[in-house]
Amino acid sequence: MQTKWWHGKVAYQIYPKSFKDTNGDGFGDLPGIIEKIPYLHDLGIDLLWISPIYKSPFADQGYDIADYQDIDPIFGSMDDFKKLKAEADKYGIGIIMDLVVNHCSDEHEWFKKACADPKSEEASYFIFREGKDGKVPNNLRACFGGSVWEPVPGQENLYYCHWFHKKQPDLNWFNPKLRQKIYDMMNWWLVDMGIAGFRVDAIMSIGKDPTFPMYPADSVGDGLCSCGVMNSEHVDVALNFLREMNAHTFTPHDKFSVGEVFGISKDNVKDFIGDEGVFGSIFDFSAREALTKHYCFYGFEKLSVKQYREVTFAAQETAGNTGFLAPVIENHDEPRGVSTYLPLMWQNARGAKALGTVNLTLKGIPFVFQGQELGMLNTQFNHIDELDDCQSKDQYDNCMRHGLSDTVALKILNDQARDHGRVPMSWNDSENAGFSTVKPWMKINQDYKTVNVKSESADPDSVLNYYKKVIALRKDPKYLKTFTYGNFIALEDPNEHTLAYLRQGHDQTIMVIANFGAEAVTFDVNKESTLLLSSGEVKLCTDCCKVQVAEGSSAIILL
Ligand code: GLC
Ligand code: CA
């Protein structure tokens, strides 16, 4: 594998509306991010992915872009962006913008022109189709519910396609002119604005069949079929476009990209990452995918630690030495990782540290989501009005349509909602958690009095200080090579609740153990072994060549 500048990096995701508000309107903003750059530097972050900050009507919280080259006033101005870039540069932090080009907003100039004149150049940037026998063109279901087809305003029997919200019209990737416009825009950010790269949103959705045939209805019962089915049949279509994108943007400018891609297997992994891959990295969503397999909107089954271990390890083996995954436990589309993946007894600071050990020592480019470094748990939502996300609202309506009670619907959302990753960051124990001087746009997490940056900074034993230590260890020049390139080798699980593995480099081997069970586990080490870092209670006995890792504890050992 060719060596790349991003290989040894640690990344952090900011959900800007909920990171830090500086002008007292209840929404996070760019000056808020600027203010916290030293905090991120202190944490050890190299790359900063910022969820969309472009001009947007926020139908899908900024993933509906009205202008790709402007900043939404809620966040600040282009000048603020330049200041942010300069501040990040000072600390050697690279900015990663969110690239949302499967769709834009219905308030984008292109779409307005397209609707006004379906024969215009702009109309060819979208997917317009005529209805059939008074019905929409086919029976695909959008990701946020309902048909993917919506009437083109002001036109007779003409529909536009939207994989997500109806305010997110899909772009027509089959049009080479549109593709060139997208590459030009990307290069403006990459080269002129000097960002480090892009996180590439929902991109496999561009793998479409332009004839839009009918599909067999799936089990949901509305006569529709999930639009993802078409994508899974047309991965090659998407890959061809992505190869072209890569050749016009990331590769010539040596920039980083991380793709939002699901469904990776041994057969296709090399198409996505590594020397022949279209991305610098892709997120490891294996645990999320395993959850989704069990998932239907009225039932949600958690994974056991054993299942979590199996899928996480399988993903490591799939990527192997082909390329780099980006390990994640949560993001702005997910509930909190500690609440989702750990048994109830470890949904606390002790569990959060041990899970952090895993997130930061697997092979790949780890992404930490804002608040994860504090051990933030899910937020308790008591009323549907406390949730904001369009997908949560759709799920709630679905529950109602199927005759479930409000209590059951809220239970489902408290387990699953994307809103968990969208509540304000807890900075201190003052009112509004130090996020804002006014009541924020989303509820504050109930644990903010203790789980916040200020209290945790002062506590040597906090999750935050532990994250700092693991990141520092990972980046220590003595071990960086092993953590970056060392082979991943799975070790046996003695109690069905332990993730244990080796990271084997050329001249050193590091052992990682994270025990989420109810009793201690013991592993063999050797006489020269040293404990590099631990959380909870760990006893290393070099005389007897054993390490004992107590329940809820983790250890990183140089063998
Ligand atoms: C991605 C984003 C999600 C968004 C969707 C549509 O999955 O992470 O937040 O709703 O794409 O852009
Ligand atoms: Ca603000």
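Ligands are counted one by one from 1 in listed order, and the atoms in each one are counted from 1 as well. Because only heavy atoms are used, hydrogens play no part in the values below, and waters and symmetry mates are left out as well, while side chains stay in. Please read these numbers as outputs of a predicted model, since none were measured by experiment.
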Q.
Using a distance threshold of 3.0 Å, state whether an N, O or S atom of I74 lies below it from the Ca ion (ligand 2).
A. no
(Q) Quick check on the Ca ion (ligand 2): does N23 put an N/O/S atom closer than 3.0 Å to it? (A) yes
(Q) So which atom in F174 and which in F241 form the shortest heavy-atom distance, rounded to 0.1 Å? (A) CD2-CZ, 3.8 Å
Closer than 4.0 Å to some heavy atom of [X] - which atoms of ligand 1 meet that?
| X | answer |
| --- | --- |
| A202 | 11 (O) |
| R418 | 3 (C), 4 (C), 9 (O), 10 (O) |
| F144 | 10 (O) |
| H332 | 2 (C), 3 (C), 8 (O), 9 (O) |
| R422 | 9 (O) |

Ligand 1 versus [X], non-hydrogen atoms closer than 4.0 Å: side chain, backbone, both, neither?
| X | result |
| --- | --- |
| H103 | side chain |
| F262 | neither |
| E334 | neither |
| Q391 | neither |

Q: For the pair D333 and R422, find out whether any cationic side-chain nitrogen is under 4.0 Å from an anionic carboxylate oxygen.
A: yes
Among the N, O or S atoms of [X], which one sits nearest to the Ca ion (ligand 2)?
| X | answer |
| --- | --- |
| D21 | OD1 |
| D29 | OD2 |
| D25 | OD1 |

Q) Heavy-atom distance to atom 1 (C) of ligand 1: which of D333, D201, N331, I65 wins? A)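 Answer by nearest heavy atom: D201.
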Quick check against the 3.5 Å criterion: does [X] have a side-chain atom that pairs as donor or acceptor with the backbone of [Y]?
| X | Y | value |
| --- | --- | --- |
| D80 | L30 | no |
| D29 | G76 | no |
| H234 | M204 | no |
| H402 | N398 | yes |

Atom pair [atom1] ([X]) and [atom2] ([Y]), whose distance is rounded to the nearest 0.5 Å:
| X | Y | atom1 | atom2 | value |
| --- | --- | --- | --- | --- |
| R129 | N138 | CZ | CG | 10.0 Å |
| I127 | D170 | CD1 | CG | 5.0 Å |
| D98 | I65 | CG | CD1 | 7.0 Å |

Q. Atom 10 (O) of ligand 1: which protein heavy atom is closest, and how many Å away?
A. D60 OD2, 2.5 Å
Q) Which residue owns the protein heavy atom closest to atom 7 (O) of ligand 1, what's the atom, and how far is it? A) E260 OE2, 2.7 Å
Q.
Is there a side chain to side chain contact (heavy atoms under 4.5 Å, CB included) between R336 and V338? Walk through the geometry before answering.
A. CA-CA 6 Å; R336 291 289 179 176; V338 174; 5.5 Å; no
Q) Cationic tip of K4 within the cone over F324's six-membered ring, i.e. under 6.0 Å and within 45° of the normal? A)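 No, K4 and F324 do not form such a contact.
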